[in-house]
Amino acid sequence: MNHNDAMNRIGKVQEGIRFSGTFYTKSRENVLTGSYGFANRSEKIKNQTTTRYAIASGCKIFTSIAICQLVEEGRISFDTKVEECLDIDFPHFEEGVTIHHLLTHTSGVPDYFDEDEMDDYEELWVSTPMYRIRKLHDFLPLFQNRKMKAEVGSSFHYNNSGYIVLGLIVEHVSGLIFSDYIEQFIFQKAGMVDSGYFEMDELPERVALGYIEKPNGGWKTNVYSLPAKPASDGGAYVTAKDMIIFWDALMNHQLLTKEMTLTLLTPHTEVVEDIYYGYGVYMETNQNGVVKYILMGYDPGVNFRSVHYPDTHLTIVVCSNETDGAYDMIKGIEKVIL
């Protein structure tokens, strides 16, 4: 299929779901990219290829890579227990909780946003002012003194608190603020020049505002729906192209050694049939191994999806500044390309 045919078919997918955001694909043969909707609805500023989007939990993989880098340096191991590398008291955490458990969502620690108990992330900030959540330690009152959710080493149960703890470990071991560590040792190393952990009230240029649809059909921004600064469980801002650059850097072993990259991308725990979780990344498998790696992120006014097919070196990134759309868009793109 030629470039124009592919773009026309992807355009029809976008029209069908009224997608707002940017997609970017890269294969051995070609590159496709397109942007739709508005980065700022009030000012009618359109989304562009250079627009930066929040990606919610899509950046848990950055936290995982940071941990893997510290393991490579011999400063911690995947079997290191939380109490051995943090001087923070978690009175109800079981003693056996290790870094591996936190990375794979099998720790059983209490989650500050438990999707079994709470439907909407916005609900968290009714009683806790989101503008005060600017450091990883600011999350601690939300889960530090709660009881365990499940036994250590139990089955996969998605857990944001576990990744806050991992970020605290990165800070404690490296001596750097978490966001500074990621920007220095992942973004700069990979060449992701437009990415960062920006504060909501100090956004740089070219950032898409996140939009939430109201019951009456209107729109509001997510400025009161998310922590003021992204954390180690999600929220970094990237361009779609930067995420293509990220996948290239990861798979070419610019961020981790080949051996450690394989460890990061190993199917460590089963999520559902044929879907596994490594360290910060999902993967779809069949009898021959991994078919594709998957990153995803959902927040109010934020929707992100990315897939990488290791056998064909196809990478697709979809960033949206609305609550929904990235999944349908990436599925449509996969049908067009595959």
Side-chain angles (χ1 to χ4, degrees), residues 13 17 23 25 27 55-65 67-68 78 96-111 113-119 121 148-163 166 233-234 243 247 250-251 260-299 302-318 320 323-338:
V13 174
I17 62 174
F23 79 87
T25 79
S27 64
I55 60 169
S57 291
C59 60
K60 279 185 168 69
I61 195 169
F62 303 153
T63 305
S64 300
I65 291 170
I67 290 288
C68 289
F78 297 118
V97 176
T98 66
I99 287 173
H100 170 82
H101 291 135
L102 297 173
L103 287 167
T104 56
H105 301 280
T106 58
S107 66
V109 302
D111 193 3
F113 177 57
D114 193 324
E115 294 169 24
D116 290 344
E117 300 175 5
M118 199 179 298
D119 293 330
Y121 194 66
M148 291 285 287
K149 172 80 178 179
E151 291 184 11
V152 180
S154 55
S155 59
F156 177 93
H157 190 94
Y158 198 79
N159 193 308
N160 291 287
S161 292
Y163 271 73
L166 288 169
D233 64 331
M243 288 308 294
W247 276 114
L250 178 62
M251 304 312 285
M260 189 59 79
T261 303
L262 289 172
T263 299
L264 179 92
L265 300 175
T266 294
H268 289 294
T269 183
E270 187 176 30
V271 181
V272 294
E273 186 177 1
D274 295 330
I275 301 292
Y276 286 80
Y277 199 80
Y279 286 162
V281 56
Y282 293 91
M283 53 204 76
E284 182 182 314
T285 65
N286 62 21
Q287 65 273 16
N288 298 318
V290 175
V291 177
K292 64 179 173 180
Y293 299 104
I294 306 163
L295 301 177
M296 63 181 81
Y298 301 90
D299 269 340
V302 177
N303 203 200
F304 168 79
R305 280 269 178 162
S306 180
V307 295
H308 176 77
Y309 289 80
D311 291 343
T312 60
H313 299 278
L314 169 66
T315 305
I316 308 172
V317 175
V318 178
S320 177
T323 304
D324 300 302
Y327 174 77
D328 291 330
M329 191 68 179
I330 204 165
K331 284 298 173 189
I333 293 170
E334 284 178 309
K335 286 180 182 177
V336 169
I337 294 178
L338 300 174

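Sequential numbering from 1 along the given sequence is applied to the chain's residues.
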Exercise. Just how far is it from atom CD1 of I99 to atom OG of S64, taken to the nearest 0.5 Å?
Worked result: 11.0 Å
Exercise. Measuring from S27:OG to Y309:OH, what's the distance to the nearest 0.5 Å?
Worked result: 12.5 Å
For this session: For the pair Y293 and H308, name the ring-plane relationship: parallel under 30°, tilted 30 to 60°, perpendicular over 60°.
Result: parallel
Exercise. Can you check whether V302's main-chain N or O pairs, donor with acceptor, with D299's side chain at less than 3.5 Å?
Worked result: no
Exercise. Between atom NZ of K331 and atom CG of D328, what is the distance when rounded to the nearest 0.5 Å?
Worked result: 10.0 Å
For this session: Establish, from distance only, whether the side-chain atoms of S57 and Y158 form a donor-acceptor pair under 3.5 Å.
Result: yes
Problem set entry | Step-by-step side-chain contact (heavy atoms from CB on, under 4.5 Å) determination, I330 to V307 | CA-CA 8 Å; I330 204 165; V307 295; 4.0 Å; yes
Exercise. Does the side-chain contact (heavy atoms from CB on, under 4.5 Å) test come out yes or no for D311 and N288, once each step is laid out?
Worked result: CA-CA 11 Å; D311 291 343; N288 298 318; over 6 Å; no
Problem set entry | Listed partners of F62 passing ring-ring contact (aromatic ring centres under 6.0 Å, His included), at least two apart | F187, F246
For this session: Keeping to residues at least two apart or across chains, list the side chain to side chain donor-acceptor pair (under 3.5 Å) pairs with something in residues 277-287.
Result: H100-Y279, H105-Y277
Problem set entry | Inter-residue atom distance M260.CE - I67.CD1, 0.5 Å rounding | 11.0 Å
For this session: Taking N303 for its side chain and S320 for its backbone only, find out whether a donor-acceptor pair lies under 3.5 Å.
Result: no
Seminar exercise, completed: d(I65 CD1, L264 CG) to nearest 0.5 Å is 5.5 Å
Exercise. Which value, rounded to the nearest 0.5 Å, describes the distance between I337 atom CD1 and I316 atom CD1?
Worked result: 4.5 Å
Seminar exercise, completed: Heavy-atom closest pair (K292 atom, P310 atom, distance to 0.1 Å) is CA-CD, 4.0 Å
Exercise. Can R305 and E334 be said to form a salt bridge (Lys or Arg N to Asp or Glu O under 4.0 Å), step by step?
Worked result: CA-CA 12 Å; R305 280 269 178 162; E334 284 178 309; over 6 Å; no
For this session: For E151, look at atom CD and say whether over 12 heavy atoms of other residues, nucleotides or ligands are found less than 6.0 Å away.
Result: no
Seminar exercise, completed: For G278 and T104 the tightest heavy-atom approach is O-CG2, 3.7 Å
For this session: Could you pull out the closest heavy-atom pair between P110 and M148, with the gap in Å?
Result: CD-CA, 4.1 Å
Exercise. So, the side chain of H268 versus the backbone of T263: is there a donor-acceptor pair under 3.5 Å, distance only?
Worked result: yes
Problem set entry | Shortest non-hydrogen separation from M329 to V13 and the atoms involved | SD-CG1, 4.0 Å
Problem set entry | Trace of the side-chain contact (heavy atoms from CB on, under 4.5 Å) decision for L295 with M243 | CA-CA 10 Å; L295 301 177; M243 288 308 294; 3.9 Å; yes
Exercise. Using a distance-only test with no angle check, is there a side-chain donor-acceptor pair under 3.5 angstrom linking T266 and Y276?
Worked result: no
For this session: For the pair T63 and D233, evaluate side-chain contact (heavy atoms from CB on, under 4.5 Å) and give the outcome as yes or no after the intermediate values.
Result: CA-CA 8 Å; T63 305; D233 64 331; over 6 Å; no
Exercise. So, does Y327 use its side chain to make a donor-acceptor pair with the main chain of M296 at under 3.5 Å?
Worked result: no
Seminar exercise, completed: Taking every heavy atom of K149 against every heavy atom of V109, the minimum-distance pair comes out as CB-O, 3.7 Å
For this session: Considering non-hydrogen atoms only, spot the tightest contact between Y298 and A56 and give its length.
Result: N-CB, 3.5 Å
